[in-house]
Amino acid sequence: MAEPEAPPAGRKRVWKTPPGVTLCAETDIADPGSRAFVLQIGEAFFHGFVVRKDDQVAGWVDRCPHQGFPLALELDRYLTRDGDLILCGWHGAVFQPLTGECVGGPCAGGRLTPWPVEASGGVIRTA
């Protein structure tokens with residue numbers, strides 16, 4: 001499996017988003033399910049994903065604490081097949097979907113970086 005490519009030269013990354021940005025309808029993400037989001041903030045880009053599980057949502061910066069790579073190998077495929085855990089497709093780390101705690105793999109004891117999101121009125125927004 002090839003290592004992920006570096007972002008294009010000059011493509012700046014940011015690690016936070018402003019509150020109140022509408023992302024999608026809550027029903028656009030299965031339960032359990034996940035969806036990737038890339039937001040342009042000025043000249044820079046934010047990469048994150050939202051997990052929906054047990055009628056709750058959680059947002060995470062799309063960056064594994066082990067090596068800093070994006071977690072998904074396929075678009076929107078952040079969860080294990082059974083939907084119980086978030087899986088880093090590169091090195092096999094697994095995380096609790098609602099807390100971000102790493103419960104197995106090379107970064108056990110670490111955690112994902114939270115991305116504040118909320119669901120209200122059937123819509124998921126940044127918080």
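A72 pairs by the side-chain contact (heavy atoms from CB on, under 4.5 Å) definition with Y78, not counting sequence neighbours. Contacts of R63 classified as side-chain contact (heavy atoms from CB on, under 4.5 Å), with partners at least two apart in sequence or in another chain: W15, V61. Under the side-chain contact (heavy atoms from CB on, under 4.5 Å) criterion, C88 pairs with C64, L71, W90, A93, F95, sequence neighbours left out. By the side-chain contact (heavy atoms from CB on, under 4.5 Å) test, T22 pairs with V123, R125, sequence neighbours left out.
Tracing side-chain contacts under 4.5 Å through hydrophobic residues (I, L, V, M, F, W, Y), one never reaches V94 starting from F69; they form parts of separate clusters.
Atom SG of C24 sits about 4.0 Å away from atom CD1 of I29, to the nearest 0.5 Å. Atom CZ of F49 is separated from atom CG of L79 by 8.0 Å, given to the nearest 0.5 angstrom.
Within the structure, the salt bridge (charged side-chain N to carboxylate O under 4.0 Å, His left out) test picks out the following pairs touching residues 79-102 (sequence neighbours left out): K53-D84. The stretch residues 108-127 participates, sequence neighbours left out, in these ring pair (Phe, Tyr, Trp, His ring centres under 6.0 Å) pairs: F46-W115.
Formation of a donor-acceptor pair under 3.5 Å by the T126 side chain with backbone atoms of G20 is found in this model. Proximity of a side-chain donor or acceptor of D76 to a complementary backbone N or O of A36 within less than 3.5 Å is detected. Under a 3.5 Å cut-off, the side chain of Q56 and the backbone N or O of A58 do not form any donor-acceptor pair.
Residue R35 comes nearest to D28 through the heavy atom pair NH1-CB, 3.6 Å, listed as atom of the first residue, atom of the second, then distance. Scanning all heavy atoms of the two residues, the minimum distance from A30 to R52 falls at O-CB, 3.5 Å. In terms of heavy-atom proximity, I41 sits nearest to P18 at CD1-CD, 3.7 Å. The shortest heavy-atom contact between G104 and C102 is O-SG, 3.3 Å.
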Go through the steps to decide whether L112 and I86 satisfy the test side-chain contact (heavy atoms from CB on, under 4.5 Å), and finish with yes or no.
-> CA-CA 10 Å; L112 297 173; I86 296 168; 3.8 Å; yes

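Checking D31, I124, V51 one by one against V57, the side-chain contact (heavy atoms from CB on, under 4.5 Å) holds for a single residue, I124.
Counting non-hydrogen atoms of neighbouring residues, nucleotides and ligands closer than 6.0 angstrom, the CZ atom of R111 exceeds 12 such neighbours.
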